[in-house]
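Nothing here was measured: the structure is a model prediction, and the numbers come from that model. Throughout, a chain's letter reflects where its sequence line sits, starting with A, and its residues are numbered from 1.
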Protein chains: 4
Amino acid sequence: MNETQKKILKSAITLFSTVGFFDTSMKDIANNAKIAVGTIYLYYKSKEELLGGIYKYSSAIVLKRIKLKLKKVSDPLEMLRIIVTESIDLSLKNLDVFMILFVDHKKMAIKNENNSTFNNINEYIKLGKSILIKGKEDGIFDFPDHENFFSGIMGFWSSIILRAVLTPSKLTNKQIKEETLNLFENTIIKGIRCNK
Amino acid sequence: MNETQKKILKSAITLFSTVGFFDTSMKDIANNAKIAVGTIYLYYKSKEELLGGIYKYSSAIVLKRIKLKLKKVSDPLEMLRIIVTESIDLSLKNLDVFMILFVDHKKMAIKNENNSTFNNINEYIKLGKSILIKGKEDGIFDFPDHENFFSGIMGFWSSIILRAVLTPSKLTNKQIKEETLNLFENTIIKGIRCNK
Amino acid sequence: MNETQKKILKSAITLFSTVGFFDTSMKDIANNAKIAVGTIYLYYKSKEELLGGIYKYSSAIVLKRIKLKLKKVSDPLEMLRIIVTESIDLSLKNLDVFMILFVDHKKMAIKNENNSTFNNINEYIKLGKSILIKGKEDGIFDFPDHENFFSGIMGFWSSIILRAVLTPSKLTNKQIKEETLNLFENTIIKGIRCNK
Amino acid sequence: MNETQKKILKSAITLFSTVGFFDTSMKDIANNAKIAVGTIYLYYKSKEELLGGIYKYSSAIVLKRIKLKLKKVSDPLEMLRIIVTESIDLSLKNLDVFMILFVDHKKMAIKNENNSTFNNINEYIKLGKSILIKGKEDGIFDFPDHENFFSGIMGFWSSIILRAVLTPSKLTNKQIKEETLNLFENTIIKGIRCNK
DNA sequence: CATGAATGAGGCTTCATTCAT
DNA sequence: CATGAATGAAGCCTCATTCAT
């Protein structure tokens with residue numbers, strides 16, 4: 001991926017996440033990236049495909065980093081903490097990507113599950129699910145079988161982050177992260193941990 | 001609200017929730033409602049305002065019904081169960097409204113918190129928050145103070161419902177509802193209930 | 001067909017025939033017709049379809065008038081004279097239509113023979129062919145069987161008219177018509193008439 | 001003319017004649033010729049001029065060959081047969097060139113008669129005209145004086161060839177050629193030959 | 001109240017042409 | 001000579017909105 005393409009992606013991510021996909025024109029993206037409109041079409045066949053490119057690119061980064069962090073551990077509880085912690089961390093550090101990846105196109109991602117655009121996102125979800133299952137098998141977690149429990153967890157923390165980020169407040173990102181994780185620990189994790 | 005206006009709202013809700021706000025044209029709405037385009041403008045000044053109308057209308061129904069159900073009880077735990085149960089129930093019975101109210105415009109609702117359009121939604125959230133606080137004060141719940149805990153709960157169940165609804169499966173709405181509530185009960189509620 | 005649609009057709013015929021299909025923009029057509037661009041799309045789904053509309057409309061007029069003139073006669077020789085005379089006459093009176101119908105899109109018409117757009121043109125050609133065949137059967141004409149003889153005749157007079165019209169000269173339309181018919185009479189017709 | 005330039009011409013002729021001038025992009029031509037877009041501009045200042053180059057190039061070949069064939073004879077009747085026979089023969093052997101030279105740009109050629117691009121085509125027509133005139137002067141042909149008789153003849157055979165070529169049929173090129181010439185012989189030539 | 005033809009700004013996309021390598 | 005990434009003007013088309021009936 002060369003510099004021009006990176007500029008396009010960066011510009012599009014910024015605008016899509018703040019102004020929205022439909023209210024961002026290709027010209028806006030070009031201007032913001034300081035290139036010509038036509039140039040975008042050298043890299044992406046359409047606005048739709050540019051959005052797809054953003055998905056692939058962003059989700060690849062997120063997935064890669066989370067997989068890396070998970071390598072070091074094998075305890076499901078620790079793994080669950082890591083996948084949530086890292087997701088929140090990445091989201092707060094790249095709010096643009098967060099908005100697009102975890103907020104805007106939930107619906108779309110599900111509807112197009114077989115589309116390669118969402119491969120990484122789907123792998124991310126599978127990863128989450130497998131952690132939960134392993135935790136249950138290992139007798140560390142206890143919760144009713146449910147296909148979409150991990151999606152619920154994603155909805156939980158992302159909704160909290162979204163409000164925290166959009167509501168004017170004096171909290172720093174670090175505080176937001178810590179408070180959210182603390183809440184997660186003392187509600188969901190507490191609820192599913194097996195008592196010893 | 002006369003019949004014509006109801007037809008407009010019904011048509012717009014259907015289309016916005018399935019096709020999306022931007023991909024639905026005013027003409028589509030008019031055709032679907034079997035009226036003329038111009039007629040819509042007798043009731044709503046703009047497409048934007050029509051969307052606002054949908055919010056107000058839908059959220060009023062949801063809020064009214066939930067308030068009614070809550071009147072009969074005062075135990076915070078029971079109240080929490082009711083607000084979630086009813087929300088899920090209404091969502092599954094009116095998927096169109098659910099998509100718009102709980103999925104599509106999360107972002108928008110927060111950004112326009114002072115806009116009267118979102119009065120009902122905001123009141124709904126306040127209601128949820130107050131239940132949680134009361135539960136804590138009454139010593140029934142135990143969890144770290146967090147401004148957006150209830151938003152997290154909304155994100156939790158709505159993400160689960162969304163996936164359940166969009167993923168092709170053989171589950172009935174009743175099953176979806178029961179499984180989701182069961183999961184909620186055995187994770188979050190279990191996690192915050194005080195053992196005595 | 002209402003006034004607006006007529007204005008659109010008229011404007012498009014003029015511009016397509018003089019400037020050419022590709023060098024005429026939809027905005028040009030709208031300006032020339034003194035309407036808004038969008039209005040064109042109320043009547044024609046695309047520029048392509050507008051061209052199709054012109055074909056249908058123009059060829060319908062030509063075909064109708066020629067059929068009318070042919071009703072009064074049954075002698076193949078006279079019929080052949082009439083179909084050529086009338087075609088030339090109409091062409092000279094409506095050069096725009098002539099350019100489009102008999103010059104510009106010969107290629108296209110053949111390639112899309114089954115497309116309803118060219119129904120009238122194809123019927124016109126069939127009519128011409130049937131006259132030639134009847135003349136031969138009646139022993140009035142004598143020529144080698146050939147599927148495309150009538151097309152050859154069309155090419156003959158239309159090429160002559162085209163040059164006459166485009167070359168700067170002092171000839172009136174009446175003169176052009178008479179000279180062309182005279183030439184046709186004394187070359188092709190003379191060549192195929194049976195001497196008795 | 002080097003190899004690169006020939007590749008450009010060949011590619012452009014193919015594409016212009018099949019897809020059309022406007023629907024062929026410079027990139028298409030470059031891709032088809034397996035060169036870079038920029039290279040075309042080393043040989044032709046613009047797309048327009050490339051088209052001009054095609055005219056000049058193709059018509060030069062046609063004209064040269066026909067002149068060569070005509071050298072051997074002086075009888076106007078034979079010469080007329082040769083110019084038509086050779087034109088048809090070349091057309092069928094190079095349908096691409098035929099489409100461009102004899103079908104597509106009739107209109108353009110006339111309008112730009114003074115443009116050097118069309119020198120060869122115009123010389124070709126002059127040649128045809130002079131044959132007809134000489135035949136008349138020699139008492140071999142008899143027909144009314146007409147500036148554009150030869151254009152009519154061109155329209156005659158080219159229209160027949162065009163239909164024959166585009167209509168799906170089982171005729172070989174040889175058959176098409178023979179049938180067309182036979183028809184020409186027994187209609188126009190028969191019509192203008194002086195009986196002795 | 002209701003209609004739907006008309007409007008025209010603005011968006012997405014193409015493509016002839018340039019120019020630094 | 002050759003390349004092909006970059007340019008940006010211009011075209012087709014959509015659609016929210018208006019207004020005369």
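Side-chain proximity of C:Ala36 to E:dA6, E:dG8, F:dT7: nearest is E:dG8.
Not one N or O on the side chain of A:Asn32 forms a donor-acceptor pair closer than 3.5 Å with the backbone of A:Asp28. A donor-acceptor pair is defined here as one N or O able to donate and one able to accept, closer than 3.5 Å; no such pair exists between the side chain of D:Asn94 and the backbone of D:Asp96.
Within the 4.0 angstrom heavy-atom criterion, no nucleotide atom of any strand lies near C:Ile40. Using a 4.0 Å heavy-atom criterion, one finds that D:Tyr44 contacts no nucleic acid atom at all.
Separating the CD atom of B:Glu3 from the P atom of E:dA2 is a distance of 11 Å, rounded to the nearest angstrom. Straight-line distance from the NZ atom of C:Lys6 to the C1' atom of E:dA5: 17 Å, rounded to whole Å. Between C:Asn31 atom CG and E:dA9 atom P the separation is 11 Å, expressed in whole Å. Atoms NZ (D:Lys7) and P (F:dC1) sit 14 Å apart, rounded to a whole Å. The nearest whole Å value for the distance from the NZ atom in C:Lys34 to the P atom in E:dG8 is 14 Å. Following rounding to the nearest Å, C:Leu50 (CG) and F:dG11 (P) show an atom-to-atom distance of 16 Å. Following rounding to the nearest Å, C:Ile8 (CD1) and E:dA6 (C1') show an atom-to-atom distance of 10 Å.
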* Using a 4.0 Å cut-off on protein heavy atoms (strictly under), produce a 5'-to-3' string for nucleotides 14-21 of chain F with B for base contact, S for backbone-only sugar-phosphate contact, and - for none. => B-SBB---
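F:dT14: Watson-Crick or G-U partner is E:dA9, with both key distances under 3.5 Å. Pairing for F:dA6 is with E:dT17, a Watson-Crick or G-U wobble pair whose two hydrogen-bonding atom distances lie under 3.5 Å.
Across A:Lys47 and A:Phe21, no two heavy atoms sit closer than the pair NZ-O, 2.9 Å. When all heavy atoms of B:Asn120 and B:Lys56 are compared, the pair lying nearest together is ND2-O, 3.4 Å. Between B:Ile13 and B:Ser58, the shortest heavy-atom distance links the atoms CD1-OG, 3.9 Å.
Neither OP1 nor OP2 of F:dA5 sits under 4.0 Å from any side-chain N or O of A:Thr4. For the pair C:Tyr43 and E:dA6, the criterion of a side-chain N or O lying under 4.0 Å from OP1 or OP2 is met.
Mapping C:Leu42 and B:Ile35 onto DNA chain E via the closest heavy atom, the residue that lands nearer the 5' end is B:Ile35.
Of the residues listed (C:Ile35, C:Thr24, C:Val37), the one engaging C:Ile29 in a side chain to side chain contact (heavy atoms under 4.5 Å, CB included) is C:Thr24, and it is the only one. Under the ring pair (Phe, Tyr, Trp, His ring centres under 6.0 Å) rule, A:Tyr55 has a single partner from A:Phe16, A:Phe118, A:Phe102, which is A:Phe118.
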